[in-house]
Amino acid sequence: MQIDNDKKTNRSGLAERDQAVIWHPFTQMQTAPPPIPIVRGEGTLLYTEDGNAYIDAVSSWWVNIHGHSHPYIAEKVFQQFQTLEHVIFAGFTHQPAVQLAERLLPLLPTNQQKVFYSDNGSTAVEVALKMAFQYWHNLGKPRRKVIALDGAYHGDTFGAMAVSGRSAFTAPFVPFLFDVEYIPAPVPGQEQVALERLQALLSDDVAAFIVEPLVQGSGGMVMYQPAILDELMGLARRCGALVIADEVMTGFGRTGKLFASYHLREQPDLICLSKGLTGGTMALGVTTCTKEIYDAFRSDDKFKTLFHGHSFTANPLACTAALASLDLLLSDETQAAIQRIGQRHAVFAEQLKQKPGARNVRRQGTILAFDLDAGDASRSYFNTIRDQAYEFLLEQGVLMRPLGNVLYILPPYCITDEQLDTVYAAIENLLKHLRE
Ligand SMILES: *Cc1c(COP(=O)(O)O)cnc(C)c1O
């Protein structure tokens, strides 16, 4: 699967046309190489105009779980489009939205009773935060504080940014973000510190405690154990704080179980879902909550209404894609694939641990991550290593996007053993290359 460089020199000139009119996400447009035109996706593969293929080892930003252009999802969405493509969701409802909520709730922790639809992961978090703050407001006991984990990522809109860790990404906006208290991520060795810090911060002014359960994605695939999260959640809930589980990335099989919450004894009060929800095919977000939270908004008093909604709330096409994705996800075949990927990762992780260039090898379900060892080089050197690794892996036909010096595999579940071998070999080649 060796690809030479001219695959990026796009025949149609699409990259140049793109550069003339488009501003890309998380991209320094001055220095970034031109984007690579993709004309087709099938399974784990993304094809360029020349018919070369990349293995999508990051599931196109963690969304894709069944492979690209899946014919089953495509067929269902096509059928739905011919019947009802969209309808206002205030005062009206439709089959796909009701059916999706009916199928989703029984899969979530038993205390989750209501589904609120939005458009993406950030909006799912915004809705959860607004539900949490207004819950206390409606009860007449307003609470103002949120506790989050260091290095958290909950999205790019303002509320979601506020509860994320402070970093170079949030720096220009810090004056506009509401204050949040942080505790250390309870990674192995830090459990006690995290617990003590949470204990010290909890008060009757804390509205919510928000976490990415078990894996902090954008923060660098930081992983921690269910037992300590159970302790933290239990403590927060005993002090009355609502627990928000942001399962936007960890949901739908990523951690080896259907949801990260399946690894836990404690149940969150609110859950945020997106990314894999539609199999990664369409934009859709879901926030679920307990009956207790929902009941705090039911009133003869109109001011207790949750005044939130988006034009495309519960879009029927997106809900249909989510229903089709659920069919595929719950099949024996996909469940076996999730286990198979986890087992393959486990074996490769042991090999990686022997290699001098890889540090802090960790895995959870279908996610394998490690730190590229940059010696005691500076942060800017990390960035160099990141760009070098990204380019090198692309040249090997593998799409991975290191987070700083953190390299990770987070593949669609349909990835074959052979494709996994190609990804593992590319990583081994990279480690060799970086030591030369
Ligand atoms: C990606 C992500 C979000 C934001 O989702 P978008 O759809 O990109 O807005 C929120 N929380 C977590 C944990 C994520 O990984």
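We count ligands from 1, going down the list as the structure has it; atoms in each ligand are counted the same way.
- You'll find the ring centres of Phe116 and Phe297 outside the 6.0 Å limit.
- Annotation: salt bridge (charged side-chain N to carboxylate O under 4.0 Å, His left out) contacts of Glu428 (sequence neighbours excluded): Lys355.
- A donor-acceptor contact closer than 3.5 angstrom is absent between the side chains of Gln335 and Gln339.
- For Lys353, the salt bridge (charged side-chain N to carboxylate O under 4.0 Å, His left out) criterion is met by Glu350, not counting sequence neighbours.
- Contact check for Gln396 versus Thr422: no side-chain heavy atoms found under the 4.5 Å cut-off.
- When the side-chain contact (heavy atoms from CB on, under 4.5 Å) test is applied to Ala283, no partner is found at least two apart in sequence or on another chain.
- Annotation: ligand 1 has protein neighbours Trp62, Asn120, Gly121, Ser122, Tyr153, His154, Gly155, Glu212, Asp246, Val248, Met249, Lys275, each with a heavy atom less than 4.0 angstrom from the ligand.
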